[in-house]
Each structure stands twice: as C-alpha cells, then as structure tokens.
Amino acid sequence: MNRVDTKDIELIEAAKQMIRARYKEGKHHVGAAVRTKSGKVYAAVNLEAYIGRVAVCAEAIALGKAISEGEDEFETIVAVLADEEGDARIVSPCGICRELISDYGQAIHVLLPQGQEEYSKTGILELLPAKYKRE
C-alpha cells in the first residue's frame, strides 16, 4: 500500500463535488476523478440506463474525458457513491473498471475505503491479479 497524501484528498473531494452537483436518482449516483501525471484532474459521473447493460461507469467517463483532452498518462483514480442526502463515500472499482483502468496504465493507483473516513492507495494490478492478456 502507498501513503495517501494531500493530492489524493483533493482528488476524493473532486469526485465528491462532481456527484453532489450532478446526483440524480436513477441516472447518476457514482462520481469519479482521475489525476494525470501532468497534475490535471478530470471528474465525471456514471451514466445509468433503463437497460443496465448499457450503463457506463464514472471511472470510464473520467478516463475518457482526460484522453479526449490529450492526456494519456494517469497517476491516481477514485470513485465515490452518493446517497440521496448528498453524502458520498469511496467505493472500490467494479471488475470491469479494474480491467479498463489497468488497460490504460498498469502503474495507476486506486484510492480505496479503509474504514470511516480513512483511505488507502494501492496499485491497480494489486486489485487485478492475473490480469487478462491477449498474448
């Protein structure tokens, strides 16, 4: 595990601010933020769909925003889940997001919940042992 620092707390707050601003029951309940190696932060919300198979996770959209702006080297990513009261807590990325995140950088760190208001930071490959490879 790596030490959580001030930049990581700011990343968590960026994800929380995004979902607080855009929360909508049945549409957006997860926010994510990714910090690139250049230091820029890109935040996004998930897109839910009536047909669940076409929903898109917030982590994927945050990565897509960064990539669309010319960024392709990532440092840290975090996802938060909001409730109707506007509170948001860190959640671990789903399996599909773990694969996606690792496809865009095997050195990316992920912020994870570690109890009440405590966080840890780990490498994506620690969350995805035996990653699928095409070779």
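Residues Leu111 and Ile101 fall into different hydrophobic clusters, defined by Ile, Leu, Val, Met, Phe, Trp and Tyr side chains chained together at heavy-atom separations under 4.5 Å. Cluster annotation: Tyr42 and Val78 are assigned to distinct hydrophobic clusters (Ile/Leu/Val/Met/Phe/Trp/Tyr, side-chain heavy-atom contacts under 4.5 Å, transitive). Hydrophobic clustering of Ile, Leu, Val, Met, Phe, Trp and Tyr side chains at less than 4.5 Å, counting indirect connections, unites Ile19 with Ile12. A continuous path of Ile, Leu, Val, Met, Phe, Trp and Tyr side chains, each step under 4.5 Å between heavy atoms, connects Ile77 with Leu127, placing both in one hydrophobic cluster. Linking ILVMFWY residues whenever their side-chain heavy atoms come closer than 4.5 Å, directly or via other members, places Ile90 and Ile9 in the same cluster.
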Show me the side-chain donor-acceptor pairs of residues 57-70 shorter than 3.5 Å, one per line, residues at least two apart or across chains.
from	atom 1	to	atom 2	distance (Å)
Lys65	NZ	Ala43	O	2.5
Ser68	OG	Gly64	O	2.8

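Minimum interatomic distance between Val41 and Ala33 (heavy atoms only, all atoms of both residues): CG1-CB, 4.2 Å.
Glu126 and Thr122 share a donor-acceptor pair across their side chains, judged by distance under 3.5 Å alone.
Heavy atoms of other residues, nucleotides or ligands lying less than 6.0 angstrom from OH of Tyr104 number 12 at most. In Arg20, the CZ atom is crowded: over 12 heavy atoms of neighbouring residues, nucleotides or ligands sit closer than 6.0 Å. Around the CD1 atom of Ile96, the shell of radius 6.0 Å holds no more than 12 heavy atoms that belong to other residues, nucleotides or ligands.
A distance of 11.5 Å separates CG in Leu11 from NZ in Lys16, rounded to the nearest 0.5 Å. With rounding to the nearest 0.5 Å, the separation of CG in Asn46 from NE2 in His28 is 7.5 Å. Expressed to the nearest 0.5 Å, how far CD1 of Ile124 lies from OG of Ser102 amounts to 6.0 Å. With rounding to the nearest 0.5 Å, the separation of CG in Leu100 from CD1 in Ile108 is 8.5 Å.
Judged as a side chain to side chain donor-acceptor pair (under 3.5 Å), and not counting sequence neighbours, the contacts of Arg98 are Ser92. Applying the side chain to side chain donor-acceptor pair (under 3.5 Å) test to Glu25 and every residue at least two apart in sequence or in another chain returns Tyr23. Remark: Asp72 engages no residue in a side chain to side chain contact (heavy atoms under 4.5 Å, CB included) (not counting sequence neighbours).
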Just do the side chain to side chain contact (heavy atoms under 4.5 Å, CB included) check on Glu99 and Leu128 with the steps written out, would you?
-> CA-CA 7 Å; Glu99 285 283 351; Leu128 193 64; 3.8 Å; yes
Evaluate side chain to side chain contact (heavy atoms under 4.5 Å, CB included) for Met18 paired with Val45, printing each intermediate quantity in order.
-> CA-CA 7 Å; Met18 176 58 75; Val45 297; 3.6 Å; yes
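Residue pairs meeting the salt bridge (charged side-chain N to carboxylate O under 4.0 Å, His left out) criterion with at least one member in residues 101-112, sequence neighbours excluded: Asp103-Lys131. Legend: side chain to side chain donor-acceptor pair (under 3.5 Å) pairs involving residues 30-39, not counting sequence neighbours, sorted by first then second residue: Asp8-Arg35, Arg35-Glu75, Arg35-Thr76, Thr36-Ser38, Thr36-Glu71, Ser38-Glu71.
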